[in-house]
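Accompanying notes for the structure given below.
These numbers come from a predicted model, not from an experiment. One is the number of the first residue; the rest follow in order along the sequence.
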Amino acid sequence: MNLGEAKKRALSVMAEYSIDGTLIPDNENADYLNRMNRFANDAQFEISEKIPIESSFYMEQFGNNSTGYTRYDLPKDFKEMGSMLLNGSPFLPFRVQGRSFSLPSNVTGSFELIYHKNPTELDDKTPDSYEFEVDQYAQQIIPYYMGGMALADENVTIADRLMNLYYTKLQALYKRNNDYPQTILNVFNW
């Protein structure tokens, strides 16, 4: 789902849960739409705390004969450590300190840092074509947050209802396993 679709869905759930069924005038929608990027940002950050956004960072290191460690900067969107691979296999002797990580100086190879990242910060200039970074099944709850926050200062009843739906759905989210086998070996020679 992209930001524009989330805005349309947010307006839809706002109208769906209105008490009197009165359509919201377009000029009021414009006011809501102007604030929704902020709300989408908050929802995406909140969801990413529950279901981390996985990313990876690749680099080559050419070892030397020295002892000690070589320090590298972590990616700017780094939130939490996942794992480190060296030539596709787990690699453990590394350190993470502050906004950097260190590798033994004498090791040569292709490294992959797998980590959890912060989503991209959304602001008023973010285009409606922006695709959310949280998992697709989790994106479905973002419009409830956007709608609830947009109505918070106007209609507390509807805002509470939408926010309760959002937090109930957020509580039910869990990290789905998508690490399915890519190849199944036939051991029975069928």
Next item on the list: For the residue pair His116 and Glu54, establish whether any side-chain heavy-atom pair is separated by less than 4.5 Å.
Entry: yes

Checklist line | Any Val134 side-chain heavy atom under 4.5 Å of Pro119 side chain | finding: no

Next item on the list: Compare every heavy atom of Leu3 with every heavy atom of Ala40, then report the nearest pair and how far apart it is.
Entry: CB-CD1, 3.7 Å

Next item on the list: Show which residues join Phe45 in its hydrophobic cluster (side-chain heavy-atom contacts under 4.5 Å, direct or indirect), or state none.
Entry: none

Notebook entry, point to check: Roughly how far, to the nearest 0.5 Å, is CG of Leu103 from CE of Met59?
Noted result: 5.5 Å

Note to self: Run the ring pair (Phe, Tyr, Trp, His ring centres under 6.0 Å) test against Phe132 and tell me which residues pass, sequence neighbours left out.
What the structure shows: Tyr130

Checklist line | Residues clustering with Phe62 (ILVMFWY side chains joined when closer than 4.5 Å, directly or via others) | finding: none

Notebook entry, point to check: Do Ile53 and Leu74 share a hydrophobic cluster (ILVMFWY, side-chain heavy atoms under 4.5 Å, transitive)?
Noted result: no

Note to self: Could you tell me if the side chain of Lys79 sits less than 4.5 Å from the side chain of Glu49, heavy atoms only?
What the structure shows: yes

Next item on the list: With sequence neighbours left out, write down each residue that passes ring pair (Phe, Tyr, Trp, His ring centres under 6.0 Å) with Tyr166, or none if nothing qualifies.
Entry: Tyr145

Next item on the list: Write down the atom of Asn41, the atom of Thr120, and the distance for their closest heavy-atom approach.
Entry: OD1-O, 3.8 Å

Margin query: Please tell me whether Leu165 and Leu151 are part of a single hydrophobic cluster in this structure, the criterion being side-chain heavy atoms less than 4.5 Å apart.
Written below: yes

Notebook entry, point to check: Could you go step by step and tell me if Ile47 and Gln139 meet the side-chain contact (heavy atoms from CB on, under 4.5 Å) rule?
Noted result: CA-CA 9 Å; Ile47 293 167; Gln139 295 172 8; over 6 Å; no

Checklist line | Nearest-0.5 Å distance that lies between atom CG in Asp124 and atom CZ in Arg38 | finding: 7.0 Å

Notebook entry, point to check: Taking all non-hydrogen atoms of both residues, which atom of Arg35 and which atom of Ala150 are closest, and how far apart?
Noted result: NH2-O, 2.8 Å

Note to self: Once side chain to side chain donor-acceptor pair (under 3.5 Å) is applied, do any residues pair with Tyr72, and if so which ones, sequence neighbours excluded?
What the structure shows: Gln61

Checklist line | Interatomic spacing from OG1 in Thr70 to CG in Asn64 - rounded to 0.5 Å | finding: 6.0 Å

Check: Can you tell if the side chain of Met146 reaches within under 4.5 Å of the side chain of Val13, non-hydrogen atoms only?
Finding: no

Item checked: Pairing residues for Phe91 by the ring pair (Phe, Tyr, Trp, His ring centres under 6.0 Å) criterion, not counting sequence neighbours -> Phe111

Check: Which atom pair, heavy atoms only, marks the closest approach of Pro93 to Pro104?
Finding: O-CD, 3.0 Å

Note to self: Between Asp123 (side chain only) and Lys125 (backbone N and O only), is there a donor and an acceptor less than 3.5 Å apart?
What the structure shows: yes

Note to self: Checking one residue: Ile114. Which other hydrophobic residues are in its cluster under the side-chain 4.5 Å linking rule?
What the structure shows: Leu85

Note to self: Ignoring hydrogens, what is the shortest heavy-atom contact between Gln44 and Glu133? Give both atom names and the distance.
What the structure shows: OE1-N, 2.6 Å

Next item on the list: Using side chain to side chain donor-acceptor pair (under 3.5 Å) as the criterion, list what pairs up with Thr168, not counting sequence neighbours.
Entry: none

Next item on the list: Please say whether more than 12 non-hydrogen atoms of neighbouring residues, nucleotides or ligands are located less than 6.0 Å from NZ in Lys50.
Entry: yes

Notebook entry, point to check: Hey, does Thr67 have a side-chain heavy atom less than 4.5 Å from the side chain of Asn106?
Noted result: no

Notebook entry, point to check: Shortest non-hydrogen contact from Gly63 to Thr108?
Noted result: N-OG1, 2.6 Å

Next item on the list: Take Glu121 and Thr126, measure what side-chain contact (heavy atoms from CB on, under 4.5 Å) needs, and give me the verdict at the end.
Entry: CA-CA 9 Å; Glu121 190 89 28; Thr126 304; over 6 Å; no

Margin query: Let me confirm one number: the CD1-CD distance from Ile142 to Glu46, rounded to the nearest 0.5 Å.
Written below: 10.5 Å

Next item on the list: Go through the structure and list residues passing salt bridge (Lys or Arg N to Asp or Glu O under 4.0 Å) with Asp160, not counting sequence neighbours.
Entry: none

Next item on the list: Ignoring hydrogens and angles, state whether a donor on the side chain of Lys7 or Asn37 is under 3.5 Å from an acceptor on the partner side chain.
Entry: yes

Check: So does Glu60 have more than 12 non-hydrogen atoms from other groups sitting under 6.0 Å from CD?
Finding: yes

Checklist line | Pairwise side-chain contact, Met149 with Asp42, heavy-atom cut-off 4.5 Å (strictly under) | finding: no

Checklist line | All pairs passing side-chain hydrogen bond (donor to acceptor under 3.5 Å, both in side chains) where residues 87-103 contributes a residue, at least two apart | finding: Arg71-Gln97

Check: Side chains of Gln171 and Tyr167: does their closest heavy-atom pair fall under 4.5 Å?
Finding: no

Item checked: Asp77: side chain to side chain donor-acceptor pair (under 3.5 Å) partners, not counting sequence neighbours -> Tyr115, Lys117

Checklist line | Pairwise side-chain contact, Ile158 with Met14, heavy-atom cut-off 4.5 Å (strictly under) | finding: no

Notebook entry, point to check: Can you tell me how far CZ of Arg161 sits from OH of Tyr144, rounded to the nearest 0.5 angstrom?
Noted result: 12.5 Å

Next item on the list: Could you go through the side-chain contact (heavy atoms from CB on, under 4.5 Å) check for Lys169 and Gln140 one step at a time?
Entry: CA-CA 9 Å; Lys169 292 172 183 287; Gln140 305 307 312; over 6 Å; no

Notebook entry, point to check: Does Val156 belong to the same Ile/Leu/Val/Met/Phe/Trp/Tyr cluster as Met163, with side-chain heavy atoms less than 4.5 Å apart forming each link?
Noted result: no

Check: Are Phe101 and Phe78 co-members of a hydrophobic cluster defined by side-chain heavy atoms under 4.5 Å apart?
Finding: yes

Next item on the list: List in chain and number order the residues that pass side chain to side chain donor-acceptor pair (under 3.5 Å) with Glu154, two or more places apart in sequence or in another chain; answer none if no residue qualifies.
Entry: Tyr32

